[in-house]
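Take a look at the structure below.
Below, chain A is the first sequence line, B the second, and so on; all start at residue 1.
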Amino acid sequence: MMKMPEPLCFVFCVFATYSANLLSSPANSAENDLFQLSLEQLVDINVNVITPSKIEEPLSQSPGIVSVFTDKEIALFGARDLGEVLSRIAGIQPYDSLNAGRFRLSIRGDLATGNNNHVLMLLNGTPFNRESYTGGIWTQANILTVPLPLIKRIEVSRGPGSVLYGTNAFSGVVNIITKESDELDDEVTVSYGNDNTKAVDVSYATSKGDLNITAAGRYFDTDGWDHEITSTAGDKFSDSAFSKSPGFMATAKFRDLYATVAYGKADQYTIRGIATAPASGDVENEKFFLDLGFDHTFSNDWQLKSSASYVSGRTDLKRVAIGGGLENIHYETDDGHIEITGQGPLSDNFHLLLGSSVDIFTGHVIPPPGSAPFLPDWEDYLYGLYGQIEYRLANTKFTVGAQYNKLEGISGNIVPRLALVHNFTDNFGFKALYGQAFRAPSTIERGFSARSGPIQIKGDPSLSPELVTNYDLQIFYEKNQLQTSITFFKSEQEDLITRVFTSPTILTFQNTGGLDIEGVEFESKFTFKENWYFTGSYTYQTNEDSDGVKNTTLQANTTVKLGLAYNSKNWSVGIFDSYLDQYHENTSPNKNNPSPKAYHDLSVNASLTLPKFHDITLSVYMDNLLDENAYLPILTGGGPIGANSLQTQSGRSFFVGVTVPF
Amino acid sequence: MPIKNKQFAYNLLKGISAQFKSAYLHVAFVFISLIIILLSSNVAAQTHNKDYSESKIKTALIYNLLHFINWPSEELLICIYDPGEEYVSSFNAIPSSTKSGNTLSLKFLNVSSAPSAQNDCQVIFISADIDSESLQNILSNAKNNHSVTIGETKQFIKQGGMINFVRRDVNIKFEINASAFEQANLKISSQVLRIADRVYTDNSYE
């Protein structure tokens, strides 16, 4: 797996080109005159990230392509749930189709299959959305129930993350960082919007001695917007896309010990049925997350972190019994993750990180009443050993790392990473990255066995992990309140697990798929005239599978996201527009529904704090101001309902709220 | 739909057990753990490369903050209690006048300095190294002299301090005790209050 493909040359060329310069480069002066900077510039002098190296470091020096979305940006631009927040971040797009498996996450246009297992979500660095059935198909509870007031920032690292985070960190990593107790306000927010949408958010923090606790909860309930679909027979079917999603999250820290607990249940409308008879259904996805850990920094700057975490998933596919025999299915996953990481300086120039992890995947499926089990109970183990070393020479940082991983029952493999980050000046530099990531085969792909009519569908226990090889070249410029970068990327996916007919009546899972994605990203953030804030990104991607089919992931080629906000002491207004080029059509012969078209999702958020009334804050959030009808193609050729597209969001909507501190 | 915690605990124990049954993984796990622990305890202390030290940023913040306070006098004396070497170096680099044109001078003090030594200080910075009792005494004297007090400890505002530095990851932010400014008959710009990480009024810090 550690072959050196041709495109790697560009990384080595860059290494070679600059190694000569390195020796003659003057040392980083760092003699900036801080006294010339403004207060605002000083308090935000470092934009730091933790995801690329598991240690806080300035964004400009991190060996990763990372976008950071902070609590301030969430407050300025507003959002009803984490999905809306993520949709504003460069390079990431929630793919919320009304059929099963809602809220898939796509980074850089990658959504090779419907199983949603190429983006790893982390909560404070610990895997948050893994589920061993398919590896991530049901993330509704993760997306819809995280209390937004508790989020300090979200880091989206685009490109492979498996060297440090293991399986599923394939096309990207989303790391949710929560607030400390002294950063969280005690407050309650009550909101109401159209479609009888009701929401309550409560956040509370307390400290006693060395014990610091944060807690936040949310309840969200909407009757939902109306949608309509036309079946292959030409019949109209309509219903409301209701959603109900209570959630709770809390952290406790006592000296070096910490505990994080999260619970959420997302009950969402889905469209079910078969091609000739669509029907209403819903998916109830429940997640429980617990992370217990020890995080200690020694006097010599070495850090030791160990954690044991547990993610439980309970999902009910509530179907309507119709001609196709669709009945309820209940899925249970209980997945554990144990990890120990140590890192610190070996000398002035060398920094070493070593780690070890084990994942324990267990679960079982209760098939529809009267049906034979299609998947035996499972208990699998995934081991990982990883290391990374960073070497700094003058204005350049080299990073070399690798992970050895092994899923029980199949042979182990190694994924490497190489990174070069060079600063031409204090403000201007580039990153050249090469890395691989893997996605371990999931339980369904290894153990599934069922008959559908005359066809026998079979898993394969000897499947290999999916593999991606990725190249990034970024040029960045950061000065005072301006951050801007342009990134060129190319990823080559291989051994993708797809279903293949090995005989006219046998359909098996095999490592036969391949996908190449390449593109460019431009991102900029800028604070000007003290009160104004601008953020913007442009992403272009194009992809082609191993059969030469272009844009096979159906994702939009071009995405533009622009936000502008004015922030005064007691009030703020933010306007955000996400433009998506049209999604590509699927292969469904049913063309009775509107074809996906390019659309703008324009939103406005305004808030006003009243100091004379106990700092009560009034807010109004309006989404889809242009009242655009946005349609998504259904993946895998239309699925059981056989349609070409489904509506993905409501028309123009509003949401007003009152926040009361206590 | 109850979560089966007992079942999970059982599975977890089985998982750990299974891991250690696997000989080569056992060896690798222990080997890595040993290396981590050995390195953690034996490697000589090294410092990270930092573009800006904490003391330099805080000094620059103090310099900036002075510009936003309405001073009754043209000359300002900044007194620094218990500075380490880094603070001495950082403060010595401060320009000779504020952005508003007030003349700046410095005086380094320690806990054994006579209380009267702070009488002529318009600004007092108290480092985190100082003990709680001495801090209380300095703040008490400063209140009588209408001096602006700046600190860097968790309880600083609660003890009556006026500006407190707090670390937010790799950045340094500041909190403002607006009531203390009012009591000292000093006005601080609303621009500062907007940038502040937190503004305390009346007894909101209780």
Side-chain angles (χ1 to χ4, degrees), chain A residues 28 30 32 34-35 37-40 42-46 48 50 56-58 182-183 284 286 288 298-304 308 310 312 314 316 332 334 336 338 340-342 344-348 351-352 354-356 358 360 362 379 381 383 385 387 392 404 406 408 426 530 567-569, chain B residues 1-5 7-8 11-12 14-16 18-19 22 25 28-29 32-33 35-37 39-52 56-57 59-61 63-65 67-68 93-95 99 154 166 168-174 190-198 201:
Chain A
N28 189 352
N32 298 294
L34 292 174
F35 298 111
L37 299 181
S38 71
L39 272 181
E40 280 173 321
L42 284 166
V43 295
D44 287 323
I45 198 161
N46 293 311
N48 57 309
I50 194 170
E56 295 274 0
E57 60 189 340
D182 58 351
E183 297 169 323
E284 190 176 274
E286 183 183 25
F288 175 77
F298 295 90
S299 58
N300 56 12
D301 275 350
W302 270 75
Q303 292 180 4
L304 178 67
Y310 163 60
S312 156
R314 298 289 181 270
D316 278 292
E332 295 187 0
D334 291 291
I338 302 166
I340 179 170
T341 308
L346 291 174
S347 68
D348 282 346
H351 185 93
L352 179 68
L354 294 169
S356 168
V358 57
I360 308 106
T362 68
E379 183 178 313
Y381 301 90
Y383 306 97
L385 294 171
R392 182 184 291 275
Y404 170 78
K406 177 173 169 50
E408 266 195 350
D426 287 345
E530 297 189 351
N567 184 24
S568 183
K569 184 187 172 191
Chain B
M1 206 185 297
I3 304 295
K4 295 184 175 176
N5 292 321
Q7 181 65 37
F8 171 71
N11 288 335
L12 198 64
K14 273 181 73 178
I16 295 169
Q19 183 196 14
S22 177
L25 284 166
F29 190 88
I32 294 283
S33 302
I35 289 175
I36 291 167
I37 290 162
L39 288 171
S40 301
S41 55
N42 292 330
V43 173
Q46 303 288 342
T47 55
H48 288 290
N49 290 328
K50 288 176 182 171
D51 287 338
Y52 310 109
K56 281 182 180 167
I57 293 173
T59 307
L61 280 167
Y63 175 73
N64 260 277
L65 285 163
H67 169 61
F68 293 99
I94 208 166
K99 290 179 178 177
K154 203 168 182 181
V166 288
R168 296 282 179 251
D169 297 325
V170 295
N171 284 322
I172 308 295
K173 312 258 178 176
F174 58 87
S190 61
Q191 211 174 327
V192 174
L193 301 181
R194 186 176 54 78
I195 300 167
D197 194 58
R198 186 170 280 197
T201 53

Taking all heavy atoms of Phe35(A) and all of Asn64(B), pick out the closest pair and write down the distance. O-ND2, 4.1 Å
Counting only non-hydrogen atoms closer than 4.5 Å, does Leu193(B) touch chain A with its backbone (N, CA, C, O), its side chain (CB onward), both, or neither? side chain
CG of Leu65(B) to CG of Leu39(A), rounded to nearest 0.5 Å, is 5.0 Å
Name the one of Leu61(B), Asp197(B), Ile172(B) that satisfies side-chain contact (heavy atoms from CB on, under 4.5 Å) with Val43(A)? Leu61(B)
Looking at every heavy atom in both Ile57(B) and Leu42(A), which two are closest together, and how far apart are they? CG2-O, 4.3 Å
Between Ser190(B), Ala93(B), Ala60(B), the one whose heavy-atom pairs under 4.5 Å with chain A are most numerous: Ala60(B)
Distance from Arg198(B) atom CZ to Asp182(A) atom CG, nearest 0.5 Å? 7.0 Å
